[in-house]
Each structure stands twice: as structure tokens, then as C-alpha cells.
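The structure under discussion appears below in the form of C-alpha cells.
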Number of protein chains: 2
Amino acid sequence: MATKTEFQIEKAAPIFKVLGDKTRLTMMKLIENQTCCVCEFVEIFQMSQPSISQHLRKLRDVGLIKEERKGQWVFYSLNHESEWFGLMKSILEQLPSQEDKLIELEKNGTRITCC
Amino acid sequence: MATKTEFQIEKAAPIFKVLGDKTRLTMMKLIENQTCCVCEFVEIFQMSQPSISQHLRKLRDVGLIKEERKGQWVFYSLNHESEWFGLMKSILEQLPSQEDKLIELEKNGTRITCC
DNA sequence: TAACTATATAACAATATTCTTATATGATCA
DNA sequence: TGATCATATAAGAATATTGTTATATAGTTA
């Protein structure tokens with residue numbers, strides 16, 4: 001029994017670790033209720049495309065998000081099947097909306113390229 | 001307003017970062033409903049005393065825990081005044097109890113030294 | 001006061017993380 | 001098919017984190 005509980009804490013810690021980065025936490029909040037593609041993240045965070053890909057990979061590696069390819073684009077969204085989904089939602093609820101970042105993209109016309 | 005929300009995510013990420021470590025996350029669960037002193041953590045985690053102190057410092061630096069000196073001993077507990085306390089409780093609720101680790105200490109008689 | 005116990009801090013080596021540049025993969029379009 | 005666009009991966013430099021040993025601080029006790 002002791003082994004079981006240890007195992008669970010050992011599984012939880014890496015989840016918090018990936019969330020412990022401003023960029024990745026903002027990504028999670030952005031896709032809380034919608035889907036975003038890689039190019040949007042690149043625009044929003046003003047970071048290089050490889051850097052964005054690597055952040056997304058870390059979120060995906062722990063199962064927090066899932067990807068879906070649509071033509072040339074890859075769209076990311078919360079993984080509702082993750083065992084951490086419930087906890088994740090309760091955390092995201094307590095963070096401020098990041099919608100303004102998407103709205104700004106629309107103003108710039110940058111979001112239209114792929115969506 | 002955009003600035004404000006960014007600021008809040010920027011404040012939340014370091015919280016998850018300190019929680020993103022197995023030792024520190026277990027520490028938080030251990031003191032969820034009680035107080036522990038440094039020497040107990042040293043026993044429980046079988047780590048060096050400086051290493052334990054450094055982990056506790058990180059938790060304290062972000063305000064998640066508070067310390068209270070009682071004679072030679074320093075006792076750590078959750079900081080109920082932290083703005084993250086509510087979120088923290090809801091996270092800890094979803095993690096398995098680590099009481100067994102304290103019970104084991106009592107069996108070994110190791111807990112009696114300071115408590 | 002001196003010796004002892006508990007804890008904190010400093011310095012450093014080992015390791016991990018993050019970003020960058022270069023390149024590979026995969027889809028679309030002319 | 002070749003060119004182009006979107007994304008992923010690889011490799012390496014810069015930086016951050018973690019644990020260790022040595023030492024400092026603070027309280028207790030003889």
C-alpha cells in the first residue's frame with residue numbers, strides 16, 4: 001500500500017513540473033476551452049517555432065494535451081482522457097483568462113492564416 | 001488588464017515549479033494537517049539535512065509554508081495566509097495520504113526525539 | 001563558558017532545462 | 001515532381017536545479 005501511494009506522488013510531481021513554466025501554463029489556459037495550432041502559439045509568445053514545439057511536447061509527454069493534425073496544421077487541445085483532467089480543470093479555473101492574447105491575434109489578422 | 005492577467009500567470013508558474021518535485025510535493029502532503037520538524041523530514045526522506053533545508057526553503061520562499069521555531073527545533077506547516085492556500089488544499093486533497101511515513105517513524109522511535 | 005544539537009547557508013560538482021540554429025518530416029500546391 | 005509551408009527533431013551553448021561537503025548560526029545543557 002505504501003508503494004502505491006508513493007507511486008502516485010511520483011506521478012503527480014512531473015505534472016506540476018511541466019506546469020511550472022509561464023509559457024506552458026499560459027498554453028494550458030489558452031486551450032482550456034478551445035483548440036490552438038502551433039503557429040498561433042508562435043505568434044502569441046513571440047518565440048521560435050522549435051521552442052514552442054518543445055514546450056508542447058512536454059505537455060503532451062505527460063498526457064495533459066493531445067494533438068490533431070488538420071492538413072498542414074497541428075491543433076492542440078486539452079486531453080479530456082487524462083487522469084489529471086479533473087485536477088487540471090480546477091487549476092485552470094483559478095487562473096485568469098488569456099483570451100485577450102487570441103483577440104489581439106485576430107486584430108493583427110495573424111489568426112486567420114490557419115483557422 | 002492584459003498586464004494584470006499576465007502577472008498572475010507569472011506568479012502561478014513558480015508555485016507549480018516548486019511543487020514539481022517528488023520530495024517537496026510529499027512534504028506538502030505530510031504537513032497538510034499537521035506540523036513536521038526538519039529532523040523528521042531528514043528521517044523520512046533519508047536525505048542529507050542541508051538538502052532537506054534547501055527544499056523547505058524553496059517552499060517557504062514562495063509562501064506555501066511557514067516555519068515556527070520551538071527551542072532547537074524548527075517546525076514547518078502549511079501557510080494558511082498564502083493566497084494559494086485554497087488551490088493548494090484542493091490539490092493536496094487529490095493526493096494520497098503520506099501518514100504511513102510518519103507512522104513508520106513512530107515505530108522506529110525516531111519521531112520521539114523532537115515531538 | 002564550553003560542548004552539543006538542530007538548522008541554515010555557502011560553494012561547488014553533477015545533472016537537467018531551455019533556447020538557438022540546422023535539419024528532417026509531412027502536407028499542400030503549382 | 002519540385003517548391004513551399006507547417007511542424008518536429010537533433011545538437012549544442014547558456015543557464016538553472018539539485019545534492020554534497022564544509023561551515024555558520026542559534027538554542028540547549030553541563
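These values consider heavy atoms only, across backbone and side chains, with no hydrogens, waters or symmetry-generated copies. Residue numbers start from 1 in every chain, and the chains themselves are labelled A, B, ... in the order their sequence lines are given, proteins ahead of strands.
- In this structure, A:Ile65 places its CD1 atom 13 Å from P of D:dT7, rounding to the nearest Å.
- In this structure, CD of B:Glu67 is placed 14 Å from C1' of D:dG27, rounded to the nearest angstrom.
- Evaluation of atom-type donor-acceptor distances gives a pair under 3.5 Å for the side chain of B:Gln49 against the base of C:dA8.
- OP1 and OP2 of C:dA6 both lie 4.0 Å or more from every side-chain N or O belonging to B:Tyr76.
- For A:Cys37, taking side-chain heavy atoms from C-beta onward, the closest of the listed nucleotides D:dT7, C:dT7, D:dT18 is D:dT7.
- Along DNA chain C, the nucleotide nearest to B:Arg69 and the one nearest to B:Gln54 differ in position, and the one closer to the 5' end is contacted by B:Arg69.
- Atoms CG (A:Asp21) and P (D:dA16) sit 13 Å apart, rounded to a whole Å.
- Here C:dT18 presents its P atom at 13 Å from NZ of A:Lys22, a figure rounded to the nearest Å.
- Both tests do not hold together for A:Lys17 against B:Phe16: distance to the six-membered ring centre under 6.0 Å, angle to the ring axis within 45°.
- Taking only side-chain nitrogens and oxygens, B:Ser48 comes nearer than 4.0 Å to OP1 or OP2 of D:dT20.
- When the P atom of C:dG26 is taken as reference, atom CZ of A:Phe75 falls 19 Å away, rounded to whole Å.
- Between the side chains of B:Glu99 and B:Gln34, at least one donor N or O lies within less than 3.5 Å of an accepting N or O.
- Using a 4.0 Å heavy-atom distance criterion, A:Lys70 is classed as making no nucleic acid contact.
- Taking CG from B:Leu30 and CG from B:Leu25, the interatomic distance works out to 10.0 Å, rounded to the nearest 0.5 Å.
- With hydrogens and angles left out, the side-chain atoms of A:Gln54 and A:Gln49 include no donor and acceptor closer than 3.5 Å.
- Under 4.0 angstrom from either OP1 or OP2 of C:dT17 there lies at least one side-chain N or O belonging to A:Lys17.
- Using a 4.0 Å cut-off between charged nitrogen and carboxylate oxygen, B:Lys101 and B:Glu104 do not count as a salt-bridge pair.
- Closest contact between the side chain of A:Gln72 and the listed nucleotides C:dT7, D:dT7, D:dC5 involves D:dC5.
- Taking atom CE of residue A:Met27 and atom P of nucleotide C:dT18, one finds them 12 Å apart after rounding to whole Å.
- Contact annotation: A:Arg60 side-chain N/O to D:dA8 OP1/OP2 distance is not under 4.0 Å.
- In this structure, A:His55 does not reach the C:dT17 phosphate: none of its side-chain N or O atoms is under 4.0 Å from OP1 or OP2.
- Across the protein-nucleic acid pair, B:Ile52 atom CD1 and C:dT9 atom P stand 15 Å apart, rounded to whole Å.
- Look at NZ on B:Lys58: it is 13 Å from P on C:dT9, rounded to the nearest Å.
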